[in-house]
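Position 1 is the first residue of the sequence, and the numbers go up from there. Excluded from the calculations below are hydrogen atoms, water molecules and symmetry mates; all remaining heavy atoms, backbone and side chain alike, are included. No experiment lies behind these values; they were computed from the predicted model shown.
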Amino acid sequence: MIAPDPSATRRVVFQYLVPVHVEVEDGLVVCVTVIDETPVRDPSLVKGDAGYLPEAVAAADDGQPWPSWRFGY
């Protein structure tokens with residue numbers, strides 16, 4: 001197995017707003033569903049080289065149908 005060259009790794013972490021559905025019962029959050037099917041808009045860089053941000057956003061927002069993520073019961 002060939003080990004990847006760590007100097008060639010391009011890691012970019014970014015964040016953006018997505019719709020979230022929150023269910024509350026008796027004053028407690030019981031379920032949170034992140035609807036991760038929206039286009040990436042106004043991303044902000046968290047970590048990494050800002051020069052790679054447009055490429056990272058394009059890879060993350062390539063039109064494939066992403067599922068929603070659900071936490072809780």
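For L45 against G48, the heavy-atom pair with the smallest separation is CD2-O, 3.6 Å.
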Show the atom names and distances, to 0.1 Å, of all donor-acceptor pairs under 3.5 Å that link a side chain in residues 11-20 to residues at least two apart or in another chain.
residue	atom	partner	partner atom	Å
Q15	NE2	S44	OG	3.4
Y16	OH	D36	OD1	3.2

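Alongside L28, the hydrophobic cluster contains no other residue (criterion: ILVMFWY side chains under 4.5 Å).
Atom SG of C31 and atom CD of E25 lie 9.5 Å apart (nearest 0.5 Å).
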